[in-house]
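Reckoned from all heavy atoms, side chains included, excluding hydrogens, waters and symmetry mates. Just so we're on the same page: letters track the sequence lines, and every chain starts at 1.
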Amino acid sequence: MSPLLELQGVSVAIAHAQLLDGISLRLDRGQILGLVGESGSGKSLTAMAAMGLLPLIGGRVTTGAIRFDGQDMVQMTEAQRRALRGRRIGFITQNPMTALDPVQRIGAQIDVVSRLHLGLSSAAARARTLELMTQLRIPEAGAVAEAWPHQLSGGMKQRIVIAMALAGEPDLIIADEPTTALDVTVQAQIIQILAALVRDRGLALLLITHDMGVVAQVCDRVAVLYAGRLAEERPVDPIFAAPAHPYTRALTLCIPRDDTARGALHGIPGAVPTALNYPSGCRFHPRCPKAVSACSATQPALVAYGEDGRVACHLPGPGAP
Amino acid sequence: MTAAARPAPAVLRAFRRPVGALAGAWLLLVIAAAIFAPLLSPYEYDIQTLKEAYQPPSAAHWLGTDEFGRDLLTRLMYGARTSLSVSAIAILISVLCGMTLGAAAGYFGGRFDRLVTVVVDLTWSFPEILIALILVAIIGPGTTGVLVAISVAYLAQFTRLTRAQIMTLKGETFIEAARSLGAGSGHILFRHLLPNALAPVLVSAMLATGDAIILEATLGFFGLGAQPPTPSWGSMMSAGSALLFKSPGIILFPGLAVAITVIAINLFGDALIAALDIRSRMRPPQ
Amino acid sequence: MSQPLIRVEGLSRRFDTGGGFLKAPRSMWAVRDVSLAVGQGEVLGVVGESGCGKSTLARLVLRLIEPTSGRVLLDGTDLTTLGAADLRAARRRMAMVFQDPYSSLDPRYTVADVVTEPFVVQRRPVPPGAVAEMLEAVGLPASAAAGYPHQLSGGQRQRVGIARALALHPEFLVLDEPTASLDVSIQAQIIELLSGLRDRLGLTYLFISHDLGLVRYFCDRIVVMYLGAVVEVLPDTTTAPRHPYTRALMDSSFSPDPAQRRTLAPLAGEIPSPFALPAGCAFADRCPRADARCLAERPPLDGDPAHPTACFHPL
Amino acid sequence: MLAYAIRRSLMLVPVFLAVSVIIFLILHFIPGDPIDNLLKVGSSPTARAEIEARYGLDKPLPVQYLIWLGNVLTGDLGTAIVARRPVIDLIGQALPHSLALGGLALAFSSIVGITLGVIAALNRDRWPDRAIMGGVLVGSTMPSFWLGLMMMLAFSVWLGWFPVSGARGWSSLVLPVLTIGLGGTALVTRITRVSMIEVAQKDFVTLLHAKGLSPLRIQLRHVLRHALIPVVTILALRIGWILGGAVTVEVVFARPGLGTLLIKALAQHDYPVVQASLLMLAMAVMIGTLLGDLLQAAMDPRVRAALA
């Protein structure tokens, strides 16, 4: 079976800055792919590319293919891409506080998706909206549908955004940091809802997050981005047990666990470079504890690693530096 | 302090943009013409030579002559003196008073702020020309009257803008940080708030000078500005309106001078805004 | 616990809003009757979700906002009654590091201006070599001094903020979510830095955070707040929580370890509006253990003095 | 909403009182005694006192104010000193002309300004944007009296399309409306454009695109709706501008109206007429801001919530 979403060597530029460089990803139905990396690594840009929304931010795909269900979105007309958005691909943004149109009632914002893509009448669309809201455990769905966005809490708004993403009966959901702006206890609720959607409906979920905890708990596979390039892409268990790329390893060591001893927390020295000053060779080499001269000279190729995994590193594999 | 050192390069950076350079060059030209008018022109602005009246543009009189046979270009240059200096001085007074009022209201808040806000909002919703007309009526026509009228007419705008800037800046964490170090009101106002509020206020003062030139011209047109024989761009047109059909140049050229100068001020202001990167802070306060 | 450097007694703060023309005013208690002590050299963590009052508490402790009632004692001196001159003198002994590394530095100040501002404000001469020394202490090169904040990364800016806080050699630092706006990789750098500075300079910290995992890593004791009040004080980082809210907070954070994968049982509902607090326990409507008493009566913070809990039905 | 509308309207009462005090006081600072105009040279002091008493000018200022306010509230605006006619008649004659001119100019600026602003925003940084914004800049920098005279020269004198001046028929309105409207158009175009561009960058617009809605529908049904909120606010706040423009333009085109009335009365120091015309203009400004606030509340549920 071909993957539902496949990125093959996708490069993206905004103006003259090459911000993504040869990203390749695969996501099957019923799976959750976690996309992680520090800010500035290109996570959100990847999401915008997969949504076909790059023109909104002045970007374009320069090389590569983005295949959704076998068809290359890069080669499609804008109308064809638009027919996919909302219908087969749902989108969840980071900040639910700003994601809804503040001057339109909640219900109408969800209705429009099923009316547009499923051709439902307004009454049928509203019935479907209420059903979705109830499934997402929104209390008093009828009243909430008539409410204005500012009357809802952050967690409730994020559920509305999820309902909007589900209204077109999509196969794929792309969620860009869906919990970052929420309180801790509400984050857990939203993640649980998303995980249940994949389990119960057989959706595919591209989950962009900086939270390695969320990744460890719900993802099937993990793709690690660094400075616009893919560092490592593997199933979740081995990547946490034995990270192949030093960057992945560094990311897991940043977060305190219950058993982390005082002083055992390690930051990554320096900061993510911007597109204007990407280093030569492996872009991580100035911050890498294992770097050797080859790392600054040549860009490591993305090669197969372990079981069903790929890594781009001259010195892959576990082992402390 | 670095605060004083930074605006100067911004002016130069504004000159580096093609539009900014063109607009800036025109403004420099007008200012130079105003300052050096006696040196540049072989004519006097006030000597009447009635037999040379109503001449069309020629080699001797590049823009022609007016109803008293005076050279129009010469009068335009002398007129620039009045129009530019009255507008600029009036706006300067207005900015100084407006910044003081706005900063005090924005920083100290409370009842004083509410009073200032109510009065300023009320004045702001009245057209500048009305305020100016009434004030000139109180003070009497002439340069002083126009100067005061323009200052007062724009007071509300600068008070509003400064207050809005101070209110926004007050919420910045670096103000709280300064307070946590033990800083008093003086330090916070003069070392943090005002230096940061300065750039948008000064740029908007520059743009307002353009509006003030138009206002000065309008008052002059009503015969309330500089009194004859002193020319100002406005008063030149006041005389000209009756002669519109006979000799359009008398009113055409001063009007063009106003329009082109104001356009130049706007374009240069725009270049300054871009150079200072303060576009988002220049929005009209709502 | 050693001799407390900071003692907070019955601190409360009410905020009033609205009350315009023909409009009813509303008021909320951002901080309700909070008492706590921070020992010399201790790191006390305050953890809670948005609206729990932790940031207000931080500002009350430094008297950046005035309390409605209660006292804050620094080494026995009541900060809440000090006059302007005495308060300014007291500010040499305490400082704050802020959450937002972008808005906490004046964009018109150079890094050197920022770190010498404490001296200017306190009308003291800047000791020669102090700038380079301060920058070195926070891991920045001396060459950074001439730069402007916008030329620095978020982590570097936060280091400048820490250098400013340390300029006058204070004993006590309030850290208000100093890493919440940073990437985890940078967060760990800053935490390491703060940890090292504390060991080297014998500092006392009040560490405000929403991240229980981070607080448990970094702090000696942990105060858990919910809607303006303290619900539990954990005496160390290993003691099991007794308040259901603390438990829920712990269960809501995800362990970065797939081996510890578990089915989540997140807390239902969301934080109620602080303008309409229930009569009883503020947590009652989300609490799995709540009964009629919890709805009617507010539980006091008591029990074991080393591990007080505000709950009628502790775990 | 209704409760808010009532409350907001009630707020006009103190504002009206404040404005009336200011207007009343301002007039007492104007030098030049209208009585002099009424007296024959060499009249006796008794004749002067008689006239002062007739116009109530001999009483203390607060009493004069209260009498004046009471009269105003009962529709009696006094008698014009120079014209020797009830001021209400003069206002009644002038007002319809000014309302027609101001209303048409407002409509013109709104419709043309919003249209141009939308076109400019949709073509951001391309030639239609540059052309429109260039035109707007030029239009907003010309003194309106001068623009009026030049249009008169071009369209009335040279082309003979419209009457040179006066207020006979619709065709006489075209040039004055255009003259005032161009300045307002510049303002509306600028605000519409900036606010369309700003709104288009908001998160919720990205999400509308992600829902698969067509870009034109997003721009016109969602972005424009938001962009109009500040436009309405500014238009309402600056209704005075349009009226101010009317003052000069009425004089240039020799049209009857509040502006002409005011300018003439100012020159003649005719207190009651000046007071009444200023009061009319002030009321127009107040009603403008009221309408703006109500419109804003109608357009934005957050505003309603904040005010409830």
Heavy-atom contact with chain A under 4.5 Å, split by part of C:S50:
both
Do you know which of C:V184, C:L249, C:I191, C:I186 has the most heavy-atom pairs under 4.5 Å to chain A?
C:V184
Relative to chain C, which segment of A:R137 carries a heavy atom at a distance below 4.5 Å: side chain, backbone, both, or neither?
neither
Which heavy atom of A:C254 sits nearest a heavy atom of C:A188, and at what distance?
O-CB, 3.8 Å
Please list, chain by chain and in numerical order, all residues satisfying ring-ring contact (aromatic ring centres under 6.0 Å, His included) with C:F98, sequence neighbours excluded.
none
Just checking heavy atoms, which of residues 33-42 of chain A are less than 4.5 Å from chain C?
A:E38, A:S39
How close do C:P258 and A:V236 get, heavy atom to heavy atom, and via which atoms?
CG-O, 4.0 Å
Heavy-atom distances under 4.5 Å only: say whether A:T252 touches chain C with side chain, backbone, both or neither.
neither
Supply the atom-to-atom distance A:L265 CG to C:I190 CD1, rounded to the nearest 0.5 angstrom.
12.0 Å
Quick check for you: to the nearest 0.5 Å, what is the distance between A:H210 atom NE2 and C:Q187 atom CD?
8.5 Å
Taking every non-hydrogen atom, the tightest pair across C:S185 and A:R287
OG-NH2, 4.0 Å
Nearest heavy-atom pair of A:A216 and C:P256: which atoms, and what distance?
CB-C, 3.6 Å
Residue set satisfying side-chain hydrogen bond (donor to acceptor under 3.5 Å, both in side chains) with A:N277, at least two apart, ordered chain then number -> A:T274
Evaluate whether atom CD of C:Q151 has more than 12 neighbouring non-hydrogen atoms of other residues, nucleotides or ligands under 6.0 angstrom away.
yes
Contacting region of C:E49 [heavy-atom separation from chain A under 4.5 Å]:
both
Is there a donor-acceptor pair closer than 3.5 Å between any side-chain N or O of A:Q217 and the backbone N or O of C:S253?
no
Interface check, chain A: of C:L182, C:L193, C:D257, most non-hydrogen pairs under 4.5 Å belong to C:D257
Member of A:D183, A:I191, A:T185 meeting the side chain to side chain contact (heavy atoms under 4.5 Å, CB included) criterion with C:S252:
A:T185
Assert top hit (heavy-atom pairs under 4.5 Å, partner chain C, pool A:V272, A:V184, A:L253) equals A:V184
Toward chain A: residues of residues 211-218 of chain C with heavy atoms under 4.5 Å:
C:G213, C:L214, C:R216, C:Y217, C:F218
